[in-house]
Amino acid sequence: MGLGPIWRLRARHAEADVTEDSAPEDSAPAWTGTAAAIATPRAEAPPTPMARSVEPEPAAGPQPRPAHPAAPRNAEPPRIHAARPQPPATPTPAATLAAPAAPDPARSARIATLDWDALEAGIRDCRACVLCERRKQAVPGVGDRQARWMLVGEGPGAEEDQRGEPFVGQAGRLLDNMLAAIGLKRGEDVYIANAVKCRPPHNRTPERGEIAACLPYLDRQIALVQPQLLIALGRPAAQALLDREIAISAARGKRFERAGVAVVVTYHPAYLLRNPQDKAKAWEDLCFARRLMAGTG
């Protein structure tokens, strides 16, 4: 295509802003930026020596008998029983991480039989993990249901949660420019989905159990679309598609497979907004994907 597209060369001031698609809603807590002060223990003054008492000289003559006889010189001092030490209390953890639920084969088998309408209805009504508790709505996917290209992102952001469509914020606009650079357009020969269908709180990375709960939906979407190429946008999407730990820097430029479908791994557009210096690498990944589709990669 000659020179690289303008979306990777132009670092606009707006891209430096962290968007709702990529940044947490809440700022970092105050304690992360400052170290706690450590009080220096105050030196204690040495104990003041007690004044010695001077006993008066015994008076001459017979002395009166004491009211209580003195203890014998060889008598044992009274025993003082120390308190029995108590076992330390077991601290209660502040939070316990719940292990991901085991896959439900019956649920996966049922989802694998759904048509498009039933699948999207099932996604919108799903309550298989905790992400359903704080979502405004689930985000199934959008695009050409018979596309050759299928793009898989991480999960919905704030704007996607509001509108029910993936990649509609600033990261979505960058994705549209990336597609246009290789002659593609959203909705035409392209289907877009996410690894998880509900927004994680504060746009955090989806947890392993949350991805596993949504995986039957993604599997069914891939089976219905039957794409020739899957593009994983970001590490969580790559791990969901390939079922392994993935480092983007090591996976770029390689052809993977998922059930016979070619998979290419690249950066998420939200990452590129924060790191515009890596747009050139993403452009290389798109060119590699285009060569694969042309049969020359």
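When reading the values below, keep in mind they use all heavy atoms of this one structure, side chains included, and skip hydrogens, waters and symmetry mates.
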Kindly say whether [Y] contributes a backbone atom to a donor-acceptor pair with the side chain of [X] at under 3.5 angstrom?
X      : Y      : result
Glu154 : Ala237 : no
Asp189 : Arg148 : yes
Glu160 : Arg199 : no
His202 : Arg204 : no
Arg290 : Ile182 : no

Give the minimum heavy-atom separation between [X] and [Y], together with the two atoms involved.
X      : Y      : value
Ile231 : Ala289 : CD1-CB, 4.2 Å
Gln221 : Ala193 : OE1-CB, 3.7 Å
Pro269 : Leu175 : CG-CB, 4.0 Å
Asn203 : Gly157 : OD1-CA, 3.9 Å
Asn194 : Gly155 : OD1-N, 3.5 Å
Cys132 : Cys129 : SG-O, 3.2 Å

Distance from [X] atom [atom1] to [Y] atom [atom2], nearest 0.5 Å?
X      : Y      : atom1 : atom2 : result
Glu133 : Cys198 : CD    : SG    : 10.5 Å
Asp278 : Ile248 : CG    : CD1   : 11.0 Å
Ile123 : Gln137 : CD1   : CD    : 12.5 Å
Leu215 : Arg220 : CG    : CZ    : 14.0 Å
Glu207 : Leu131 : CD    : CG    : 8.0 Å
Lys136 : Arg163 : NZ    : CZ    : 14.5 Å

key: Residues in salt bridge (Lys or Arg N to Asp or Glu O under 4.0 Å) contact with Asp176, at least two apart in sequence or another chain   = Arg186
key: Verdict with supporting geometry, Ile211 and Gln239, side chain to side chain contact (heavy atoms under 4.5 Å, CB included)   = CA-CA 9 Å; Ile211 292 177; Gln239 292 179 172; 5.8 Å; no
message = Please tell me whether Val196 and Val265 are part of a single hydrophobic cluster in this structure, the criterion being side-chain heavy atoms less than 4.5 Å apart.
response = no
Is there a side-chain contact between [X] and [Y], using heavy atoms and a 4.5 Å cut-off?
X      : Y      : answer
Val142 : Val168 : no
Val152 : Ile222 : no
Met293 : Gln228 : yes
Glu159 : Glu165 : no
Trp116 : Val225 : yes
Met150 : Leu218 : yes
Asn275 : Lys281 : no
Tyr191 : Pro227 : no

key: Pair Arg145 + Glu120: basic N to acidic O under 4.0 Å   =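 Salt bridge flag = yes for Glu120 with Arg145.
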query = In terms of side-chain heavy atoms, does Asn177 have a donor or acceptor partner in Arg173 at a distance below 3.5 Å?
reply =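 No - no donor-acceptor pair under 3.5 Å links their side chains.
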inquiry  = Could you walk me through whether Asp161 and Val139 satisfy the side chain to side chain contact (heavy atoms under 4.5 Å, CB included) test, starting with their C-alpha distance in whole Å, then the side-chain angles of each, then the deciding distance to 0.1 Å, before giving a yes or no?
reply    = CA-CA 7 Å; Asp161 189 42; Val139 183; 5.5 Å; no
task = Using ring-ring contact (aromatic ring centres under 6.0 Å, His included) as the criterion, list what pairs up with Tyr267, not counting sequence neighbours.
result = Tyr271
ask   = Checking side chain to side chain contact (heavy atoms under 4.5 Å, CB included) for the pair Arg235/His268: CA distance, chi angles, key distance, verdict?
value = CA-CA 8 Å; Arg235 187 171 62 89; His268 194 284; over 6 Å; no
message = Both conditions, 6.0 Å and 45 degrees, for the charged tip of Arg107 above the ring of Tyr217: are they met here?
response =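 Positive - Arg107 is close enough to the ring of Tyr217 and near enough to its axis.
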message = Using a 6.0 Å cut-off, check whether atom CG of Asp243 has over 12 heavy atoms from anything other than its own residue.
response =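 Counting other residues, nucleotides and ligands, CG of Asp243 stays at 12 neighbours or fewer.
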query = Hey, is CD on Glu257 packed in by over 12 heavy atoms from elsewhere, all under 6.0 Å?
reply =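 Yes.
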message = Quick check on side-chain contact (heavy atoms from CB on, under 4.5 Å): which of Cys214, Pro156, Pro166 does Lys197 satisfy it with?
response =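 Looking at Cys214, Pro156, Pro166, the match for Lys197 under the side-chain contact (heavy atoms from CB on, under 4.5 Å) is Cys214.
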request  = List the steps and the verdict of side chain to side chain contact (heavy atoms under 4.5 Å, CB included) for Glu284 and Cys287.
outcome  = CA-CA 5 Å; Glu284 295 171 1; Cys287 291; 5.7 Å; no
